[in-house]
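By convention in this document, chain letters (A, B, ...) are assigned in the order of the sequence lines, proteins followed by strands, and residues within each chain are numbered from 1. Values in this document were obtained by computation on a predicted structure and should not be read as measured data.
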Amino acid sequence: MKIYNTMSRKKEDFVPVEEGRVKIYACGVTVYDLCHIGHARSAVVFDVIRRYFRYKGFDVTYIRNFTDIDDKIIKRANEEGIPWHEVARKYTEEYYRDMDALGIERADIEPRATEYINEMIEMIKVLIEKGYAYVVDGDVFYSVDKFKDYGKLSHRSMDELRAGARVEVDRRKRNPLDFALWKASKEGEPSWESPWGPGRPGWHIECSVMSMKHLGETFDIHGGGADLIFPHHENEIAQSEAYTGKPFARYWVHNGFITIAKEKMSKSLGNFFTIRDILERFDPEVVRLFLLSTHYRSPIEFSEEQLKETEAGVDRFYSTVMRVESYLQRMSKKEKDIPEQNRMEELLSGFRGRFEEAMDDDFNTALAIGHIFEMIKEVNRYLDAKPGGKKAEETLNRAMAEIRELSGVLNIFQRSPRQWHLSLLKTRKIGITEAEIQQKIKERQEARAKKDWQRADAIRDELSARGIVLEDTLQGTLWRVKI
RNA sequence: GGCGGCGUACCCAAGUGGCUAAGGGAGAGGUCUGCAAAACCUUUAUUCGCCGGUUCGAAUCCGGCCGCCGCCUCCA
């Protein structure tokens with residue numbers, strides 16, 4: 001497997017610290033508000049990375065943290081007039097609601113910063129002892145000048161960083177780039193006792209502590225959104241490596257941004273869509289496929305248009321499943337020699353290899369999805385040749401099983417066509433039940449039996465006006481939600 | 001200002017030295033159908049922002065130019 005490492009700016013062969021095991025730490029969210037689609041991207045990307053490692057037979061430990069104490073949470077608490085831990089609790093719950101919907105599996109360990117205050121204090125103590133940190137009025141700062149490799153992840157020298165600095169300088173810092181390990185709390189703010197007085201941890205220290213505690217001093221993959229490269233991950237490296245004297249993470253994996261009108265989606269620009277907003281109008285599987293249709297490091301331009309196109313893609317899959325199921329129900333038992341049989345078998349036998357090749361190349365989900373759609377096309381083509389007999393039945397079953405299994409690694413295409421369409425009925429807010437649709441189909445069937453085309457078409461038009469499409473097949477009439 | 005990335009058809013998007021430049025969406029024509037729908041077939045890039053260069057051979061490597069974006073600040 002090859003993985004692009006932000007540290008080396010190259011794709012590297014993946015060699016785990018411990019054979020057969022992979023330890024992943026991905027930075028999660030600060031729970032102070034609803035998540036937007038950018039958070040969803042990061043979560044989906046690492047969810048797939050984790051699933052793919054597992055598929056490859058690795059014993060995976062995956063950690064995703066929650067930052068449950070920081071300035072934004074405190075600010076939010078003041079705005080809403082509730083305690084800070086209520087804010088954290090509430091938005092952690094909302095996070096799960098969104099991520100569960102998107103098919104993101106829970107991480108193996110989901111640590112919260114506030115559960116590790118003591119460990120953070122211990123680590124800060126050692127950093128002070130080792131001369132990497134200093135105390136000023138109850139604050140503790142990390143001294144970046146003491147860490148010779150500072151800037152190695154973001155590929156910037158200290159001078160370059162300083163030259164571009166746009167922040168107001170805290171005069172108490174020895175170097176403007178020094179960052180807080182511990183922040184003294186002001187009156188009324190949440191605080192924990194520490195050797196430096198009451199305060200709370202800086203942002204970066206939690207990830208160093210929690211990853212080390214659960215994954216050891218050196219682990220395999222550390223990642224998150226590309227905006228975390230500097231300063232967050234740079235600072236984590238400085239803290240952790242100063243503390244242990246060992247390399248922190250071996251592979252740094254960062255996902256690209258979601259853009260709107262070519263600009264990065266962000267809170268401050270106000271150009272963001274929450275996951276909640278989007279799930280009001282699109283099925284979660286559509287969102288998931290959309291996010292995986294582009295390589296994880298490239299930017300994705302978010303648009304309604306693109307989601308609609310993706311929706312058509314999901315529907316294409318489930319339509320094919322419907323078609324296969326319906327065909328299998330009453331296909332001819334007679335063996336039939338068709339040229340498509342060889343073609344199908346050949347394509348099918350290479351499918352898994354193509355899928356893995358794509359995924360082994362830095363998790364190229366876009367290409368992998370391309371291969372899945374190619375197989376969907378081939379299955380349809382095969383059906384058009386009207387194959388018959390035991391061999392055809394086996395071929396169809398095998399093809400669908402394989403498509404299902406490999407799609408499962410991406411956690412897409414796992415439902416039944418019926419579930420998909422029932423879900424669409426809900427998402428589209430079409431006020432009609434399946435029973436009502438079946439009733440209409442029955443009425444229309446009777447009209448068709450009498451060759452009363454006018455009546456039959458009227459029923460179909462009526463349903464069509466409500467967003468339901470009917471399909472007459474040899475095996476009966478099927479319904480779908482119009483895409 | 002410094003550092004980095006991107007520019008592939010009408011849209012999205014793989015491909016980073018050599019088979020016909022994947023796949024999806026959209027449009028047009030056709031097959032199938034009572035008519036449809038779905039599906040399939042054909043069609044829409046002799047060409048990969050532009051200009052040079054290296055090479056037997058480049059979308060892929062090098063140089064220049066144009067355009068867009070990101071990071072250097074909290075941010076997924």
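By the neighbour-count criterion of 12 heavy atoms within 6.0 Å, atom CZ of A:R428 is densely surrounded, having more than that number from other residues, nucleotides or ligands. A 6.0 Å sphere centred on NZ of A:K442 holds no more than 12 heavy atoms belonging to other residues, nucleotides or ligands. Other residues, nucleotides and ligands contribute only 12 or fewer heavy atoms inside 6.0 Å of the CG atom of A:D337. Within a 6.0 Å sphere centred on CZ of A:F273, heavy atoms belonging to other residues, nucleotides or ligands number 12 at most.
Each of B:rG2, B:rC72, B:rC74 was ranked by its minimum atom distance to the side chain of A:K72; first place goes to B:rC74. The side chain of A:S298 lies closest to B:rA14 when the candidates are B:rG2, B:rA76, B:rA14. Looking at the side chain of A:E263, the nearest of the listed nucleotides B:rG70, B:rC3, B:rA76 is B:rG70.
Heavy atoms of A:I37 sit nowhere under 4.0 angstrom from any nucleic acid atom. Among the heavy atoms of the strands lying under 4.0 Å from A:G256 is at least one base atom, whether or not backbone atoms are also near. Within the nucleic acid shown, A:G38 comes within 4.0 Å of at least one base atom, counting heavy atoms only. Using a 4.0 Å heavy-atom cutoff across all strands shown, A:K264 reaches at least one base atom of the nucleic acid. Contacts of A:M265 with the nucleic acid, taken as non-hydrogen atoms under 4.0 Å apart, include base atoms.
In this structure, A:K173 atom NZ and B:rU73 atom P are separated by 10 Å, rounded to whole Å. Atoms CG (A:L289) and C1' (B:rC12) sit 12 Å apart, rounded to a whole Å. For the pair A:L291 CG and B:rC12 C1', the computed distance is 14 Å after rounding to whole Å. For A:L177 and B:rU73, the CG to P distance is 7 Å, given to the nearest whole Å. Put simply, CZ on A:R288 is 20 Å from P on B:rA76, counting in whole angstrom units. The CZ-P distance, from A:R354 to B:rG15, rounds to 16 Å in whole Å. Distance A:N255 CG to B:rG5 C1': 15 Å, rounded to the nearest Å. One can place CZ of A:R156 at 16 Å from P of B:rG1, the figure rounded to the nearest angstrom.
Of the residues in residues 402-423 of chain A, not one places a heavy atom less than 4.0 Å from an atom of RNA chain B.
Atom name C1', nucleotides B:rC66 and B:rU73: the rounded distance is 30 Å, in whole Å. Here, B:rC56 and B:rC50 have their P atoms 25 Å apart, quoted to the whole Å. Taking atom P in both B:rG2 and B:rC65, one finds a spacing of 13 Å when rounded to whole Å. Going from the P atom of B:rG17 to that of B:rU60 covers 11 Å, rounded to whole Å. Nucleotides B:rC62 and B:rU16, compared at atom C1', are 14 Å apart to the nearest Å. Nucleotides B:rC3 and B:rC19 have their C1' atoms positioned 39 Å apart, rounded to a whole Å. Rounded to whole Å, the P atom of B:rU47 lies 13 Å from the corresponding atom of B:rC10. For the P atoms, the distance from B:rA22 to B:rG64 is 32 Å, rounded to whole Å.
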Whether each nucleotide of nucleotides 16-21 of chain B has a protein heavy atom under 4.0 Å at its base (B), only at its sugar-phosphate (S) or at neither (-) is summarised, 5' to 3', as ------

B/S/- along nucleotides 24-42 of chain B (protein heavy atoms under 4.0 Å) is BS--------BBBBSSSS-

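A search for side chain to side chain contact (heavy atoms under 4.5 Å, CB included) contacts involving A:A447 returns A:D452, A:R455, A:A456, not counting sequence neighbours. Applying the side chain to side chain contact (heavy atoms under 4.5 Å, CB included) test to A:K267 and every residue at least two apart in sequence or in another chain returns A:Y32, A:D33, A:H36, A:F272. Looking at residues two or more places apart in sequence or on another chain, you find a ring pair (Phe, Tyr, Trp, His ring centres under 6.0 Å) between A:Y251 and A:F14. Residues passing the side chain to side chain contact (heavy atoms under 4.5 Å, CB included) test with A:T259, sequence neighbours excluded: A:P299, A:E301. For A:E105, the salt bridge (charged side-chain N to carboxylate O under 4.0 Å, His left out) test picks out A:R50, A:R51, A:R54, with sequence neighbours left out. With sequence neighbours excluded, the residues satisfying side chain to side chain donor-acceptor pair (under 3.5 Å) with A:K2 are A:D13. Listed by chain and number, the residues in a side chain to side chain contact (heavy atoms under 4.5 Å, CB included) with A:R323 are A:N380, A:L383, A:D384 (sequence neighbours excluded).
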Note, RNA chain B 5' to 3' with Watson-Crick or G-U pairs under 3.5 Å encoded as ( ), [ ], | and . gives ((((((((.[[[..)..(....]]]((((((.......))))))....[[[[[..)....]]]]])))))))....

Go through the steps to decide whether A:H371 and A:F351 satisfy the test ring-ring contact (aromatic ring centres under 6.0 Å, His included), and finish with yes or no. CA-CA 7 Å; A:H371 294 320; A:F351 178 37; 7.6 Å; no

Check: Can you list the steps and then say if A:H233 with A:H254 is a ring-ring contact (aromatic ring centres under 6.0 Å, His included)?
Finding: CA-CA 10 Å; A:H233 289 159; A:H254 293 98; 5.0 Å; yes

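With hydrogens and angles disregarded, a donor-acceptor distance shorter than 3.5 Å links the side chain of A:S349 to the backbone of A:E346.
Sorted by first and then second residue, the ring-ring contact (aromatic ring centres under 6.0 Å, His included) pairs involving residues 442-482 of chain A (not counting sequence neighbours) are A:H421-A:W479.
For the pair A:Y4 and A:H36, both in contact range of RNA chain B, the more 5′-proximal nearest nucleotide belongs to A:Y4. Of the two residues contacting RNA chain B, namely A:E301 and A:Y32, the nearest-nucleotide position lying further toward the 5' end is that of A:E301.
For A:R9 and A:Y4, the positive end is not near the middle of the six-membered ring at less than 6.0 Å and at most 45° from its axis.
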